[in-house]
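Following: one structure in structure tokens, then a few remarks.
Because the structure is predicted, anything quoted here is derived from the model rather than measured. Chain letters run A, B, ... following the sequence lines, proteins first and then strands; every chain starts at 1.
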Amino acid sequence: MKKQKIFENIVHGIFLILGMITVGCVLLITLYLILAGIPAIRKIGLCDFLFGAEWASTAKEPSYGILPFILTSIYGTAGAILIGVPIGFLTSVYLAKLAPAKIRTIVSGAVSLLAGIPSVVYGLIGMMVLVPGIRNLFRIPDGASLLAAIIVLAVMILPSIINMSITALEAVPKEYEDASLALGASPVETYFKVSVPAAKSGIAAAVVLGIGRAIGEAMAVMMVSGNAPNLPELFGSVRFLTTAVASEMSYSGGLQRQALFSIALVLFLFIMLINAALNFFLKRSKEE
Amino acid sequence: MKKIFTFIITASLTALTLTGCSPKQQNGTVSTDGSTSMEEVIGVLGEAFQEKYSDMSFTYNPTGSGSGIQAVKEGRCDIGLSSRSLKDEEKADGLTETVLANDGIAVIVNPKNTLNDIDVDTIAKIYTGEITNWSELGGNDAQIVVIGREAGSGTRDGFESITGTENVCKYRQELTSTGDVITTVSQNPDAIGYASLAAVNDQVKALLVGGVAPSEDTVKDGSYVIQRPFVLVTKNEEKLSDAAQKFFDFVMSDEAAPLISQAGAVPVK
């Protein structure tokens, strides 16, 4: 009996350590980002940093304004959501409610595969196919632009939106739909007027998850967006918050490097907000 | 009682994971610090060095030319690596430069481009936005798409300082690697870019600069002007450690020259 208790305690201890590792990592990253990100903001000034429209980090008189990056990240994410959400949402309604079993298996398989493709592959294909395509289609000198990044991001967030919406739609009690059908509503009417409203918190969570993925993506957008620190324009070369950090980190030094950490801190705050929103929607969807 | 017991086990297991890594003793270490452009050259040399002297270890910290020079000045590394010549005030600080090799920076365009020859002035005008259309240079009526590298890159630093366009370049795209620049230029018939000579392949066309084609020979005799030195930076007064001296002698020897060529730079010897 006593032996068993000791064994139990040991196992508890091991689990405690493993659990602490995750918590420790989060705490460490948060703490480090705050400590590393604050000095540059204090040196540059919060307003000049957040609302400065010019980024010239290696100039003789450097300026560190990240407004172009913040706006690009917001516009890019919004654009991706605008394209990705209707496609993802309708796909999930089709898969969850309308599709025959065979088609459902094939499409779900394709969606899972899409989720597993590494972002550098998205970037590469964007660079080789999408960028020249946009260049020729719109007759502009160069296709690397905000539009290219939006399209890549829209495709990348599809799996998150589809999978999460399907889960939400499938959780709607069958009785709701039966009642609606019994009252004479057609199946499509039932899905859009009964099932979707009942699953709306889950679907909202899916959209927020998509936003989170889009705003945090670096590699793929770096390869298609041109990376010049301009204010965002649909056909212009732009730089995102993520790519601002990634593209200059390897050679940076001094205040430039500290400013990159500050950008990372801003990005981290964005992600925290999005996570809080996600938790809010998930909690509400559970309560329903 | 139970809580205390769990705590002790937790603590001891944590302690266990933290031990077990003590530094390995080695006869000598050579530490280098600096230019990222020299990564390939110094990597090949470091490997060959460690093969020759199996008891020595070699480290390379890719921080950038400026940081490398700073590091050797403060004694944080044995040899600093710089992909530009030392400035006068750096030499006045008691540092010496030894040119290890030269690296040509090729100006590249799409193979479909009809332009073959360009001069440094024209390059500067294109990169500062004074010339924006290929027709001004006798080409098609198409806007020039200016491709460059990200701020802080050694290649960008070298290119801008030779063409006198520091901080005034108007880039359409700032890419983060030589490979990306070459791919982008090969995809866009109106693009112009620059890349380390060693990396240029037949996907793109390297322009003649002032009538001189970039090659190992023209970089060596100095007739191709867009080139920069790869420099080893040491202190005047302090003697190198035995290991560092061995490394220094090795990389400057005839034995190392073919390795430097293989890594794409042009050895001084």
Side-chain angles (χ1 to χ4, degrees), chain A residues 5-6 8-18 20-21 24 55-62 123-124 127-133 135-136 139-145 219 222-230 236-239 243-244 246-254 256-257 260, chain B residues 1-14 16-17 35-37 39 62-68 70 132-134 142-157 160 166-177 179-180 183-184 186-191:
Chain A
K5 199 163 184 193
I6 291 175
E8 281 289 311
N9 283 333
I10 291 175
V11 172
H12 271 247
I14 291 172
F15 284 170
L16 185 66
I17 293 174
L18 295 179
M20 283 302 135
I21 288 176
W55 174 268
S57 56
T58 52
K60 275 225 172 68
E61 279 166 32
L124 198 65
M127 199 175 180
M128 307 296 284
V129 181
L130 189 63
V131 169
R135 188 186 113 81
N136 293 330
R139 306 201 171 281
I140 48 174
D142 187 21
S145 57
M219 196 66 214
M222 189 150 90
M223 294 170 83
V224 299
S225 65
N227 290 323
N230 303 324
S237 173
V238 291
R239 199 185 287 186
T243 50
S247 63
E248 284 188 19
M249 193 47 103
S250 51
Y251 295 102
S252 61
Q256 182 195 5
R257 190 179 202 100
L260 294 183
Chain B
M1 188 59 207
K2 190 180 155 195
K3 268 190 185 155
I4 293 171
F5 191 73
T6 317
F7 176 77
I8 289 169
I9 287 181
T10 316
S12 56
L13 276 173
T14 315
L16 239 163
T17 57
S35 169
T36 47
S37 307
E39 180 156 12
T63 53
S65 301
S67 321
Q70 193 66 24
T132 56
N133 199 301
W134 286 112
Q143 200 184 327
I144 301 177
V145 177
V146 178
I147 312 278
R149 291 287 306 277
E150 79 280 20
S153 147
T155 316
R156 169 161 160 172
D157 191 48
E160 291 188 354
E166 285 123 316
N167 306 320
V168 288
C169 282
K170 292 194 169 60
Y171 292 109
R172 180 60 173 69
Q173 287 202 42
E174 291 182 26
L175 301 170
T176 50
S177 77
D180 282 356
T183 311
T184 307
S186 71
Q187 295 274 336
N188 190 333
D190 305 327

| Between CE on residue M127(A) and OG1 on residue T184(B), distance to nearest 0.5 Å | 3.5 Å

| query | Any donor-acceptor pair under 3.5 Å linking the side chain of R135(A) with the backbone of N188(B)? | reply | no

| query | Given that the side chain runs from C-beta out, which part of A144(A) has a heavy atom under 4.5 Å from chain B: side chain, backbone, both or neither? | reply | both

| request: Mind checking the CD-CG spacing from E61(A) to N167(B)? Nearest 0.5 Å is all I need. | output: 10.5 Å

| query | What residue in Q143(B), E174(B), Q187(B), Q70(B) has the most heavy-atom pairs under 4.5 Å with chain A? | reply | E174(B)

| At a heavy-atom separation under 4.5 Å, does M20(A) approach chain B through its side chain, its backbone, both, or neither? | neither

| task | Could you tell me which of V238(A), N227(A), D142(A) has the largest number of non-hydrogen atom pairs under 4.5 Å with chain B? | result | D142(A)

| So which part of S177(B) gets closer than 4.5 Å to some heavy atom of chain A, the side chain, the backbone, both or neither? | neither

| field | Backbone N/O of R172(B) and side chain of S237(A): donor-acceptor pair under 3.5 Å | value | yes

